[in-house]
Amino acid sequence: MLKKNFVGVIAVLLILSLSVIAVAQEKVEITVASDTVGKSYELALEAAEMYEKDHPNVDVKILDTPRLANDRLNLYLQYFEAKSSKVDVYQIDVIWPGDLAEHFVDLYQYGADQIVDQHFPALVKNNTVDGRLIAMPFQLGSGLLYYRTDLLEKYNLEVPQTWDQLEKAAEIIMKGERADNNKDFWGFVFQGDNYEGLTCNALEWVYSNDGGTIISKDRKITINNPNTIKMIEKAAGWVGTIAPVGVTSMAEEDARNIWQSGNAAFMRNWPYAYSLSVGEDSAVKGKFGISPLPAGKGGSRAATAGGWHMGVSKYSKNPEIAADVAFFMASYEVQKLRAVKGSFNPTIKSLYEDEDVLAANPFFESLYDVFVTAIPRPSTATAPNYTEVSKYFSEAVHSVLTGKEDAQTAIRYLEYDLMDVTGFETGQPQKY
């Protein structure tokens with residue numbers, strides 16, 4: 001009888017042991033929401049494979065999300081409203097921490113304090129809400145001017161320092177190239193669709209012409225001023241002249257495709273377009289340069305600060321593992337990979353001294369000051385209402401670009417809308 005019971009106990013222990021092993025070997029799935037601009041998606045897949053090699057019990061899935069930031073935000077909000085655990089790690093825009101903080105864990109609770117000092121302090125500050133680190137800095141960005149060096153030489157022109165100079169150079173080059181039977185050639189392409197990309201472009205126009213930052217740091221609505229109106233009117237004048245009428249429906253990749261096919265003299269875009277522009281299939285390889293964006297009359301050059309960061313959903317079933325994945329995605333190793341292969345600006349300071357990174361992206365060194373002094377959108381001052389603020393701003397500018405409203409009327413109504421959304425008073429434009 002004793003022997004029989006002993007055998008039974010051994011059998012139970014064996015079953016339990018096998019169950020524990022099975023549980024231990026069962027993979028944890030972590031889903032990361034990524035963007036698809038440039039090489040970002042394919043590099044996210046590569047980073048996921050790198051993580052899985054060192055963590056065989058973790059399966060990292062990369063979720064393909066909409067290309068436009070506004071559409072991506074709408075998708076994220078659907079998941080958050082449902083308190084969905086489908087996505088564990090979200091790639092979020094630099095402007096979203098204040099609006100979305102309630103949906104993310106505090107990464108300081110998972111060891112972020114041990115690594116966060118590697119990153120630019122301003123980005124850490126941007127991603128900190130009420131003392132909580134909402135997201136790890138992942139990618140820096142700022143608006144840049146891409147220009148055709150061969151065509152500037154051909155027409156004996158200099159790199160434009162002002163918007164007036166760009167306008168003139170674009171007109172001269174476009175006229176000459178079309179005379180050479182390139183009927184598809186344009187002087188300037190940019191992001192003119194009604195979305196967050198237009199907010200970035202228009203903020204650069206306005207700030208460079210001493211028109212301020214829409215809403216100042218001290219929470220004053222400053223957009224309704226003569227310098228803003230003049231600059232928006234100037235930009236509207238580009239549509240159908242030096243830029244195609246269809247520019248009012250263009251996002252980043254639309255502009256890049258025209259540029260990379262050799263059909264534009266100038267392009268406003270983010271750093272990621274560099275690695276694609278030097279690719280073997282690029283018509284502009286070896287024929288272009290990059291500079292800061294032009295200044296307005298009496299103003300200064302301005303670049304809107306962009307970037308993406310990695311936040312962990314508070315609805316994740318495995319927040320500790322998700323945080324580790326987020327830390328890896330934002331690590332030196334992965335940011336170097338993205339910089340070398342995709343021209344994505346790192347948020348880790350020391351990578352701007354890395355020989356491989358600088359060899360792949362020479363402009364990282366020459367335009368370093370542009371990246372670290374870029375003008376932020378008023379997301380901190382207007383949180384948690386920035387999304388609405390940006391929506392009203394891009395809609396107003398878009399209405400002028402498409403000829404539906406004159407600039408003075410559109411900006412006046414924009415001022416009223418911003419007062420309703422924020423409750424702020426009006427004020428005078430300020431330098432950041």
Side-chain angles (χ1 to χ4, degrees), residues 32-51 62 69 89-97 107 111-128 133-144 146 200 252 269-278 290 292 303-311 323-376:
V32 180
S34 173
D35 73 320
T36 58
V37 174
K39 296 181 179 179
S40 188
Y41 182 73
E42 63 186 78
L43 291 174
L45 291 174
E46 187 171 344
E49 290 179 3
M50 291 163 60
Y51 184 86
I62 304 299
V89 180
Y90 287 86
Q91 184 179 323
I92 66 171
D93 201 316
V94 66
I95 54 177
W96 293 344
L107 291 175
D113 55 306
Q114 303 297 315
I115 53 178
V116 77
D117 287 347
Q118 300 172 20
H119 302 264
F120 288 111
L123 297 179
V124 177
K125 182 179 179 181
N126 179 85
N127 295 353
T128 303
L133 185 65
I134 300 306
M136 282 298 294
F138 172 63
Q139 176 185 316
L140 187 62
S142 63
L144 299 170
Y146 290 71
C200 295
E252 284 84 357
N269 218 319
W270 305 98
Y272 86 91
Y274 177 82
S275 67
L276 296 161
S277 296
V278 298
I290 304 177
T304 299
W308 295 90
H309 307 284
M310 288 292 179
D324 193 58
V325 171
F327 295 158
F328 178 75
M329 290 292 184
S331 68
Y332 188 103
E333 183 180 9
V334 174
Q335 289 204 22
K336 179 173 178 175
L337 168 76
R338 290 172 58 81
V340 171
K341 291 189 175 182
S343 293
F344 293 107
N345 280 74
T347 62
I348 295 175
K349 295 171 284 188
S350 57
L351 276 167
Y352 288 88
E353 299 174 355
D354 186 286
E355 292 182 0
D356 296 330
V357 170
L358 294 180
N361 306 281
F363 69 98
F364 275 15
E365 186 172 24
S366 60
L367 296 179
Y368 178 80
D369 288 343
V370 175
F371 302 135
V372 298
T373 61
I375 308 302

Practice item. Taking the side chain as every heavy atom from C-beta outward, state whether V372 and Y352 have any atom pair closer than 4.5 Å. Key: no
Practice item. List the atom of V334, the atom of A47, and the distance in Å for their closest heavy-atom pair. Key: CG1-CB, 3.9 Å
**Study point:** Side-chain donor/acceptor of D35 to backbone N/O of S40, under 3.5 Å
**Key:** no
Check your understanding: Taking only residues at least two apart or on different chains, which pairs with a member in residues 325-351 satisfy ring pair (Phe, Tyr, Trp, His ring centres under 6.0 Å)?
Key -> Y51-F328
Exercise for review: First locate atom NE2 of H309, then atom CE of M329, and finally report the distance between them rounded to the nearest 0.5 Å.
Suggested key: 16.0 Å
Point to revise | Side chain proximity check, F371 to F120, heavy atoms < 4.5 angstrom | key: no
Review point. Among all residues two or more places apart in sequence or in another chain, which pass the salt bridge (Lys or Arg N to Asp or Glu O under 4.0 Å) test with D356?
Key: K336
Exercise for review: Take T36 and S34, measure what side chain to side chain contact (heavy atoms under 4.5 Å, CB included) needs, and give me the verdict at the end.
Suggested key: CA-CA 7 Å; T36 58; S34 173; over 6 Å; no
Check your understanding: Which atoms form the tightest heavy-atom contact between G306 and V94, and what is the distance?
Key -> C-CG1, 3.9 Å
Point to revise | side chain to side chain contact (heavy atoms under 4.5 Å, CB included) evaluation trace for S331 with Q118 | key: CA-CA 9 Å; S331 68; Q118 300 172 20; over 6 Å; no
Check your understanding: Rounded to the nearest 0.5 Å, what separation is found between the CD1 atom of I62 and the CD atom of E46?
Key -> 11.5 Å
Review point. Looking only at heavy atoms, which two atoms of Y146 and P271 are closest? And how far apart?
Key: OH-O, 3.4 Å
Check your understanding: Which atom pair, heavy atoms only, marks the closest approach of N361 to S343?
Key -> OD1-OG, 2.6 Å
Review point. Between K39 and K341, is there a donor-acceptor pair closer than 3.5 Å when you use the side chain of the first and the backbone of the second?
Key: yes
Check your understanding: Rounded to the nearest 0.5 Å, how far does OH of Y272 lie from CD of Q139?
Key -> 10.5 Å
Revision key, fill the gap. Interatomic distance, CD@Q335 vs CG@L351, rounded to 0.5 Å, equals 6.5 Å
Study note, to complete from the structure: CD of E42 to CZ of R338, rounded to nearest 0.5 Å, is 10.5 Å
Exercise for review: Please examine the side chains of T128 and L133, heavy atoms only from C-beta on, and report whether any two atoms are closer than 4.5 Å.
Suggested key: yes
**Study point:** Close side-chain approach of W96 and Y90, heavy atoms under 4.5 Å
**Key:** no
Study note, to complete from the structure: When every non-hydrogen atom of T304 is compared with those of C200, the smallest separation belongs to OG1-O, 2.7 Å
Check your understanding: Do the non-hydrogen side-chain atoms of D93 and W308 ever get within less than 4.5 Å of each other?
Key -> yes
Practice item. Please report the shortest heavy-atom distance between S142 and V370, naming the atom on each side. Key: OG-CG1, 3.8 Å
Exercise for review: Report yes if some heavy atom in the side chain of L107 is under 4.5 Å from a heavy atom in the side chain of M310; otherwise report no.
Suggested key: no
Point to revise | Approximate separation, where rounding is to 0.5 Å, of L123 CG and K349 NZ | key: 10.5 Å
Check your understanding: Would you call V357 and V340 a side-chain contact if the rule is heavy atoms closer than 4.5 Å?
Key -> yes
Exercise for review: Answer yes or no: is there a side-chain heavy-atom contact under 4.5 Å between N127 and M136?
Suggested key: no
Check your understanding: With E365, which residues qualify under salt bridge (Lys or Arg N to Asp or Glu O under 4.0 Å), at least two apart?
Key -> none
